[in-house]
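Just below is one structure, and these are the notes that go with it.
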Amino acid sequence: MRLKQPFARRIVIAFVLMTVVVSGFFSLAIVVVVNVVERQLVSWELKEELETVLEQDIPYGRPPRLDARTRFFASDIPQYAIPESLRDFARGFNEREEDGIAYYVYVKQIDDQRYMLVEDQHEIETREKMLFRVVLVCFLLSVLSAWLLGRLLARKVMAPVTRLARQVRHRDQLLPLAPPLAPEYPDDEVGHLAESFDGTLGQLRQSLERERLFTSDVSHELRTPLMVIQGACELLGEAALPPRAGEQVARIGRAAREMQELVQTFLILARSRQEEAAIGGSATLASVAEEQSQRWGPPIRAKGLDFELLVEDADNAAYNLTFLRVVLSNLLRNALHYTESGRVRLILENGGFRVEDSGAGIPEEQRERIFQPFVRGEQARGEGLGLGLSLVKRICTHQGWQVRVNDLAPHGSCFRVRLK
């Protein structure tokens, strides 16, 4: 899996890697150059000293004028006899290590005679180690400086991008009168990005405004015919009708009330949260559960199912009446439609509730998909378009509630809603 790093961190990593490569190359080059130059200089120095000894000291019987760390050997001068360990060196510059101590050896051959100078490297090696430490410290300091500079530049480079992201993410950007973003930025890549956001946000605002106006207008326009239908059903319910006609009138009345609740729900969803409380009203979970139990208990029992309203823990908090009523109603209707035998239970908890049924259950791979619009269970039949659970999910998301579904043993489903 490809790792995703923040853009600012990638800038810092790029700075550090570039510095490691460049500084590492120059540090290595310094080490190599120092070694090469050192060999050339030491070789030239030893050659000059050896020629001086052979031309100005030995012919006149003087001892070699050398410093304490340099020794002279010759194959034809007994007091300067070449040790056995040094006799195999080739002509020219050589290096040797003995007992942990390194030496430079320069050999010159004149006819059949060999002459050589041996110089102790200890002092030179000490200077080399000091130089290498300085190079290493400089390398580490350059990497650290690159890291600090990268962080500073990343913060400055990312500042307008971060600011633009905060502005785009702010909910006020979806308001119709929100000012454009592009004028606040220079004519560069960030400014062009702000212009793109302005165009996209403008289209989104228009779409949201059209949807809000459409939902609001439709909701208002549907109220009048629904009130007429409900009033007619109430009048017909008071008249002496045949039993079958009375059942049909009652069914029409229930459908009209459900439609009115949906209209009220869509109206609230189309408005802002500040207007929501005034429109929807509030109620406790127990009162709404009792109301929905009286509404859905009879049709559930009429289907031959057992229905129970259980209170596991009290909850005295107030919730949006319309939303809570729609959520409970849709979950109880769903349990009625998908349960052929057994029972349906509405269980109240502190801060939520459960709707349990003994139906066929929902396969695990469909538990997320079942909350999508126009998705129905495998045993679906009769009325319904598969919008009930999607509306429940939309309301829960809008209110900050949580809804999930699990299987019950040996069979059945449990819809759990957390209200806080």
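If you read the sequence from its start, that first residue is 1, and numbering goes on from there.
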Could you pull out the closest heavy-atom pair between [X] and [Y], with the gap in Å?
| X | Y | answer |
| --- | --- | --- |
| Ser358 | Gly342 | OG-CA, 3.2 Å |
| Gly150 | Ile11 | O-CG2, 4.3 Å |
| Leu305 | Thr339 | CD1-O, 3.6 Å |
| Phe73 | Ala81 | CD2-O, 3.2 Å |
| Gln56 | Pro59 | N-CD, 4.3 Å |
| Arg325 | Val288 | CA-CG1, 3.8 Å |

If you count the non-hydrogen atoms of other residues, nucleotides and ligands that lie under 6.0 Å from [atom1] in [X], is the total more than 12?
| X | atom1 | answer |
| --- | --- | --- |
| Asp112 | CG | no |
| Phe132 | CZ | yes |
| Glu312 | CD | yes |
| Glu189 | CD | no |
| Arg39 | CZ | no |
| Arg133 | CZ | no |
| Glu364 | CD | no |
| Glu184 | CD | yes |

Look at the side chain of [X] and the backbone N and O of [Y], then say whether any donor-acceptor pair between them is shorter than 3.5 Å.
| X | Y | result |
| --- | --- | --- |
| Asp198 | Leu181 | yes |
| Lys393 | Ile370 | no |
| Lys108 | Glu51 | no |
| Asp111 | Gln113 | no |
| His411 | Gly359 | yes |
| Ser142 | Phe139 | yes |

Any [X] side-chain heavy atom under 4.5 Å of [Y] side chain:
| X | Y | value |
| --- | --- | --- |
| Arg333 | Asn330 | yes |
| Phe26 | Val22 | yes |
| Val311 | Phe353 | no |
| Trp401 | Val327 | yes |
| Cys414 | Asp407 | no |
| Val392 | Phe323 | no |
| Leu86 | Val118 | yes |
| Leu144 | Leu140 | no |

Approximate separation, where rounding is to 0.5 Å, of [X] [atom1] and [Y] [atom2]:
| X | Y | atom1 | atom2 | answer |
| --- | --- | --- | --- | --- |
| Leu149 | Thr19 | CG | OG1 | 8.0 Å |
| Phe371 | Gln366 | CZ | CD | 12.5 Å |
| Thr70 | Arg65 | OG1 | CZ | 14.0 Å |
| Gln399 | Ile395 | CD | CD1 | 8.0 Å |
| Leu332 | Arg295 | CG | CZ | 9.5 Å |
| Leu152 | Trp147 | CG | CH2 | 11.5 Å |

State which residue, out of Val326, Val355, Val405, fulfils the side chain to side chain contact (heavy atoms under 4.5 Å, CB included) condition with Leu331.
Val355
Can you name the one residue among Tyr338, Phe307, Trp296 that meets side chain to side chain contact (heavy atoms under 4.5 Å, CB included) with Val344?
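Only one of Tyr338, Phe307, Trp296 forms a side chain to side chain contact (heavy atoms under 4.5 Å, CB included) with Val344, namely Phe307.
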Below 4.0 angstrom, N of the basic side chain to O of the carboxylate: do [X] and [Y] qualify?
| X | Y | result |
| --- | --- | --- |
| Lys420 | Asp315 | yes |
| Arg71 | Glu119 | no |
| Arg343 | Glu356 | no |
| Glu349 | Arg418 | yes |

Within the 3.5 Å criterion, strictly below it, is a donor on Thr284 or Ser287 matched to an acceptor on the partner's side chain?
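Per modelled atom types, Thr284 and Ser287 side chains form a pair under 3.5 Å.
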Strictly by modelled atom types, are Tyr103 and Asn94 linked by a side-chain donor-acceptor pair under 3.5 Å?
no
Please assess Gln372 against Ser390 for the test side chain to side chain contact (heavy atoms under 4.5 Å, CB included), listing each intermediate value before the final yes or no.
CA-CA 5 Å; Gln372 298 177 5; Ser390 68; 5.9 Å; no
From CA spacing to verdict: side chain to side chain contact (heavy atoms under 4.5 Å, CB included), Leu164, Val168:
CA-CA 6 Å; Leu164 178 59; Val168 173; 4.0 Å; yes
Test Ser413 against Leu408 for side chain to side chain contact (heavy atoms under 4.5 Å, CB included), laying out the working first.
CA-CA 5 Å; Ser413 301; Leu408 292 178; over 6 Å; no
Answer yes or no on whether Arg163 is positioned over the face of Tyr185, meaning its NZ or CZ is under 6.0 Å from the six-membered ring centre and within 45° of the axis.
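Judged by the rule (NZ or CZ under 6.0 Å from the ring centre, within 45° of its axis), Arg163 counts as positioned above Tyr185.
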Side chain to side chain contact (heavy atoms under 4.5 Å, CB included) assessment of His192 paired with Asp187:
CA-CA 7 Å; His192 299 162; Asp187 187 16; 2.9 Å; yes
Quick check: Phe72 with Tyr80 (ring centres under 6.0 Å apart)?
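Between Tyr80 and Phe72, the centre distance is under 6.0 Å.
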